Each structure stands twice: as C-alpha cells, then as structure tokens.
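Below, each value reflects all heavy atoms present in this structure, side chains not excepted, and no hydrogens, waters or symmetry copies. Model, not experiment: these values are computed from the prediction. Chain A is the first sequence line, chain B the second, and so forth, proteins listed ahead of strands; every chain is numbered from 1.
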Amino acid sequence: MADPRGGPTPVPRVVSVVPDVPAINKEFDYLVPDHLAGRVRVGTVVRVELHGRRVGGWVVRDGVPPRAGINLRSLSRVTGWGPPSDVVELTQWASWRWAGRRSAFLRTASPETRVAALPPPAWGAPPAGGSRQVLDEALAAHARRLVLRLPPAAALLPVLLAAAGRGPTLVIAPAVAAVAALAAGLRQAGVPVAVVPGDWAQAAAGAQVVLGTRAAVWAPCPDVAAVVVLDGHDERLQQGQAPTWNGWVVAAERAARAGIPCIVVSPCPTVELLSWGCVTVPSRSVERQGWAALEVVDRRRDDPRTGLYSARLVNLLRTSGRVVCVLNRKGRARLLACTGCGELARCEVCGGAVALDPTGQLSCTHCGASRPAVCLTCGSTRLGLLRIGVSRAREELEALAGRPVGEITAETSWQPDAPVLVGTEAVLYRLPQADAIAFLDFDQELLAARFRAGEEALALLARAARLVGGRERGGRVLVQTRVPHHDAVQAALLADPSRLTGPEAEVRRTLRLPPWTALALVSGQAAPTFVAALDGVEVAGPASGRWLVKASDHERLLTALASVPRPGGRLRIEVDPLRF
DNA sequence: CGGACAAGCTGA
DNA sequence: CAGCTTGTCCGG
C-alpha cells in the first residue's frame with residue numbers, strides 16, 4: 001500500500017507472543033499499535049486475542065518481519081513488566097534442556113502480580129573485606145565455574161558480601177528460611193536486597209543483591225556480575241513437577257551466557273557439580289571444624305531383636321539438651337510378624353506387607369485394604385513389631401529417655417515443645433538448631449535402592465551437622481548402622497566429602513549413570529507412542545508405566561526428545577530424574 | 001485451553 | 001436427514 005502523500009511506506013512493528021495457555025507451545029505474531037509502542041519490549045506481559053478469546057502472554061521477539069498473506073491482529077493491551085530479554089532467551093534454552101513448555105518457564109520468570117511501574121534502583125556495595133580477596137583469588141584461579149566446598153557450619157554471609165562487593169549479585173538458596181536469614185544479614189551489613197518473588201519490581205529496577213529460592217534464578221538482575229547458588233547439592237533446587245528444571249543448572253547457564261562467574265557453595269558437592277566446575281576446598285582444619293563430631297554406632301554385633309536403641313543412644317537421650325531422633329518411617333509399625341507362629345503379617349488381597357495404622361488395624365501399603373490385627377495363619381492377636389515407625393518410636397523413646405518426647409513428620413504442622421523430638425527427615429528441615437541428632441536406622445538411607453542414595457545420605461549428615469553446629473559448639477551427631485564403613489558415613493566422620501564422591505564417580509561411570517550419561521523418564525498415556533518413535537537413544541521399560549531413556553550426553557538426549565512430534569494425550573518427560 | 005468443524009450415530 | 005455426540009485440529 002503506497003502512502004498517499006508519496007513518502008516511504010511505514011513498516012508495521014510486529015512482535016512474537018507466547019500465550020499463557022498450558023496446552024499451547026507456540027509463538028504467534030501481533031501488530032504493536034502506536035499507543036502501546038513505548039511500553040512494549042521483549043519480556044513484556046501482554047493480553048492478546050487468540051481464537052476469539054483474550055489470553056495473557058509474553059512478547060518474546062521484537063521487530064519480526066511481517067509475513068505476507070496473514071492478517072495480523074494487534075496486541076490488546078499491555079499488562080506490565082515481565083522478564084528481561086536475557087531471561088526470555090534463557091527460557092527458550094530451558095524448554096529444550098528440560099523438554100518442557102516455554103510458558104512454564106516464562107511464568108516462573110514473571111512477577112506474581114502485575115507490575116506497572118518500577119521503583120528507583122537500590123545499589124550499594126558492602127565495604128571490601130577479607131572474604132572478598134579469597135573469592136577474587138578463587139575466581140582468578142578457576143575461571144567462571146566455581147564449586148566452593150564449605151563445611152555445614154560455615155557462615156555463608158561472608159561469601160555473599162564478597163560477591164556483592166564485586167557487583168550486583170543473584171543468589172539462590174533451597175529454602176525460604178535460609179533466604180529470610182540471609183536477607184536480614186545482608187540488610188544489616190547495609191546491602192540493598194530484593195527478595196523475590198515479593199520484591200520482583202525492585203529486582204527489575206536494580207538491586208545490589210537479588211535473592212530467593214530456586215525460582216529466583218529467573219529473576220531480573222540488571223548488570224548482574226555473579227550468580228551464587230547456596231547448598232548446590234540440595235534436591236530442593238530441582239522442581240518436582242515437569243519440567244524438572246534444576247536451579248544450579250539454570251544458574252550455570254545464565255552465568256555462562258552473561259559471561260560472569262557462577263559460584264556454587266555446598267558442604268557436599270554432588271558428582272554432577274564436580275564434573276561441571278572447579279572445586280575450591282578450605283584448609284583441612286577449617287573443614288574439620290565446620291563438621292560436627294560424628295559418633296558411629298556399629299550395630300553389627302547387636303542382636304537384631306534389641307530394636308533401634310543402642311546403649312550410646314540411651315545415654316545421649318538422657319544427657320544432651322535438645323535431642324532430635326530421625327527415623328524415616330511414618331506410622332506405628334511398617335512390618336509385623338506373629339509372635340506365635342512367626343508368619344509375616346500380609347495383605348489378604350494382594351499379599352503385600354501390612355502396616356499398623358493409628359486405629360490399631362492392619363492396612364496394606366499397596367492396595368489400601370484394611371483388616372483387624374490378627375494373624376491369618378494361626379489366629380493369634382499377638383503380633384511383634386519388626387519395623388517400627390515414628391509413632392511407636394516416640395512411645396519407646398519416652399520410656400527410655402525418662403522425659404517427654406514429641407513427634408514431627410511432614411504432616412504435623414505444629415512444633416511440639418518437648419526436649420526430645422522424633423520424626424522423619426522432615427524434622428531436619430523444620431528446626432533451626434539442636435544439641436544432638438541421632439539417626440536411629442541409617443542403613444535405610446545408606447542402602448536405599450536409589451542411585452543417589454549415598455549422596456542423599458551424606459546430605460542428611462551435612463544437614464544434621466549444620467543443625468548442631470560445628471565441632472566448637474560441641475554438637476553431636478549419632479549414626480546407628482550396620483555399615484559403619486560406608487563411604488557416606490566415613491565422609492562425614494572425617495569431614496571429607498571426597499571420600500564419597502571419589503568412589504561414587506567411578507561407580508557411576510561403570511554403571512553408565514549421570515554425570516557420565518543423561519537420563520529422562522517418560523510416562524503418561526501417550527508415552528508408548530512417544531518412546532517408540534525415539535531415535536539414537538537407549539529406551540528401557542516400561543517399569544510401573546514409565547520408560548527410562550538414556551543417552552551418552554544431554555545434547556543427544558534432548559535432540560532425540562525434541563525431534564519426535566508430541567502425540568496427543570498426556571505425556572510427562574522428566575529430564576535428570578532424581579530417582580527412578 | 002476451548003471453539004470450529006467434520007465424521008459418525010440415532011431415530012423418525 | 002436433522003440433531004446430537006465424539007474427536008481432531010488449530011489459533012497470528
């Protein structure tokens with residue numbers, strides 16, 4: 001169309017928009033009307049008309065050449081600020097890396113409520129200190145991928161202050177409690193902090209430190225100079241639902257794209273972390289001081305019938321202040337046997353083991369069938385508790401300790417005010433500190449049928465060591481086990497995590513497990529069709545409705561997953577599963 | 001996701 | 001063959 005006044009034809013401004021509709025993983029082009037022109041950029045949250053209805057969405061590309069033959073609609077309105085353009089690009093990479101929908105990542109990267117305007121930026125670095133020099137040297141020696149192995153009781157604030165001294169810093173931690181504590185510490189040191197998601201607008205405007213849980217890795221952070229991940233080994237950095245993205249992996253990619261350092265701090269770096277970055281280790285004495293004294297109770301000589309309580313445990317219960325006992329089994333008893341005929345209590349319907357529920361009935365953990373506590377073979381009502389749970393342990397511990405014992409599991413919301421507590425590993429995440437921690441049956445962790453069992457066990461010991469404080473605070477961690485020489489136990493005992501990761505890396509190599517290979521779990525109604533079409537990867541399964549896809553590296557795995565068109569129906573792809 | 005539309009089924 | 005259900009396709 002020629003301009004009637006004879007001037008050059010104005011080129012219409014066109015943007016690509018990803019709609020915020022879970023089932024659509026596609027970009028659509030829209031015209032930018034003149035009255036919105038100044039408020040639209042890559043990342044902006046907009047509303048658009050799609051197929052007759054208005055939906056939200058994100059501008060992901062600007063200056064798109066208009067394609068002939070398509071009658072474009074205009075953007076309906078601008079909702080507000082969205083992720084900056086570098087993060088928008090990162091979401092595209094992430095949708096490939098975790099075989100997920102772009103909108104899932106864009107939503108995580110956006111403010112929870114509409115942000116119409118930004119406040120003034122909040123800059124202000126802390127005064128240069130001793131830690132700063134240590135960090136600078138480590139970064140100079142190890143380039144941009146740094147794994148900082150700091151023991152559990154080590155203070156993390158100095159690391160953040162050192163990083164913030166070099167420029168605006170993005171920090172992620174696994175849990176809300178740690179985020180709140182660090183934010184308070186930084187503010188006390190005079191460092192302006194934006195805690196996301198609440199302070200998203202401040203983060204977008206600019207702040208010396210942008211801080212939050214794993215989703216904060218998607219937060220805006222203008223002029224970011226470093227990304228810091230705290231407790232990089234923690235499984236909570238990985239999202240549970242698909243796409244199963246992992247905070248430290250995103251942090252590493254974001255930093256690499258920005259050409260800035262990524263610093264991952266952990267008392268017990270995983271073999272994945274070690275294969276990614278260069279590890280910096282404190283002196284032997286500093287690391288030893290930062291782990292708690294570990295008491296390993298070797299139960300190999302003990303009669304299996306003496307139960308969960310060694311003499312040293314009883315002593316700990318009676319002499320220490322606040323004692324926390326960890327037993328990763330909920331309920332009263334998970335396995336029972338008839339004291340008369342010795343038969344195991346099993347389910348009438350499916351034959352599986354039955355557990356004792358709070359009402360005194362036996363209920364099946366597989367099919368849910370319930371029946372009275374009577375032996376099916378001889379009719380006796382006297383059933384022995386072979387594998388007790390937290391509820392029963394609480395009663396027995398109370399008798400042994402001679403003082404009140406409280407119970408905490410993932411379900412209990414309140415916190416009992418008893419000197420001794422027993423619970424599943426949820427207790428370790430619920431309490432701020434303790435004087436002593438006892439793992440009643442640590443073999444359950446050490447020998448779990450999961451490929452990360454050893455690392456998970458060491459992470460629990462690290463968590464416990466942090467709760468009781470380092471050696472100087474006199475906190476104690478007691479571990480009851482029949483595998484006292486297990487690498488995870490030895491690593492915590494000697495305050496040397498490489499005792500575990502060294503052999504662990506070799507085992508993983510032999511078994512062709514990550515980080516030497518890349519895995520994905522595929523499940524859902526459409527999974528059979530999908531996995532049948534995969535090419536260039538190994539497919540195993542199905543095992544309980546799930547297929548395991550294995551490739552020599554992520555590049556090959558994700559290329560294969562991306563090259564098969566998604567069939568209709570439900571499909572869940574879990575890249576880098578934590579367990580399978 | 002949700003509307004449009006085509007194909008398939010039913011009853012008169 | 002109208003009227004309805006079910007399934008597949010596609011959106012700028």
If we ignore angles and hydrogens, is there a donor and acceptor under 3.5 Å between the side chains of A:S16 and A:D29? yes
Expressed as a whole number of angstroms, how long is the span from A:D29:CG to C:dC10:C1'? 16 Å
Atom pair distance, as rounded to whole Å: CZ in A:R107 and C1' in B:dC1: 12 Å
Can you tell me how far P of C:dG12 sits from CZ of A:R13, to the nearest Å? 21 Å
Compute both the distance and the angle, then confirm whether A:R509 meets the cation-pi test with A:W516: under 6.0 Å from the six-membered ring centre, within 45 degrees of the axis. yes
Nearest to the side chain of A:H51, which nucleotide is it out of B:dC1, C:dG12, C:dG11? C:dG11
Cation over ring, A:R102 on A:W96, under 6.0 Å and within 45°? no
A:W276-A:W248 aromatic ring centre distance below 6.0 Å: yes
Could you state the atom-to-atom distance from CG of A:L50 to P of B:dC1 in whole Å? 14 Å
Taken to the nearest whole Å, CG/A:L31 to C1'/C:dG12 is 9 Å
Specify the separation, in whole Å, of atom CZ of A:R566 and atom P of C:dT8. 19 Å
Taking 4.0 Å as the cut-off, does a side-chain nitrogen or oxygen of A:R73 come that near to OP1 or OP2 on C:dG12? yes
Taking only side-chain N and O atoms of A:K26, does any of them lie within less than 4.0 angstrom of OP1 or OP2 on C:dC10? no
Using whole Å, what does the distance between atom P of nucleotide C:dG11 and atom CZ of A:R54 come to? 20 Å
Closest to side chain of A:A23, choosing from C:dG11, C:dG12, B:dC1: B:dC1
Value in whole Å for how far the P atom of B:dA4 lies from CZ of A:R53: 11 Å
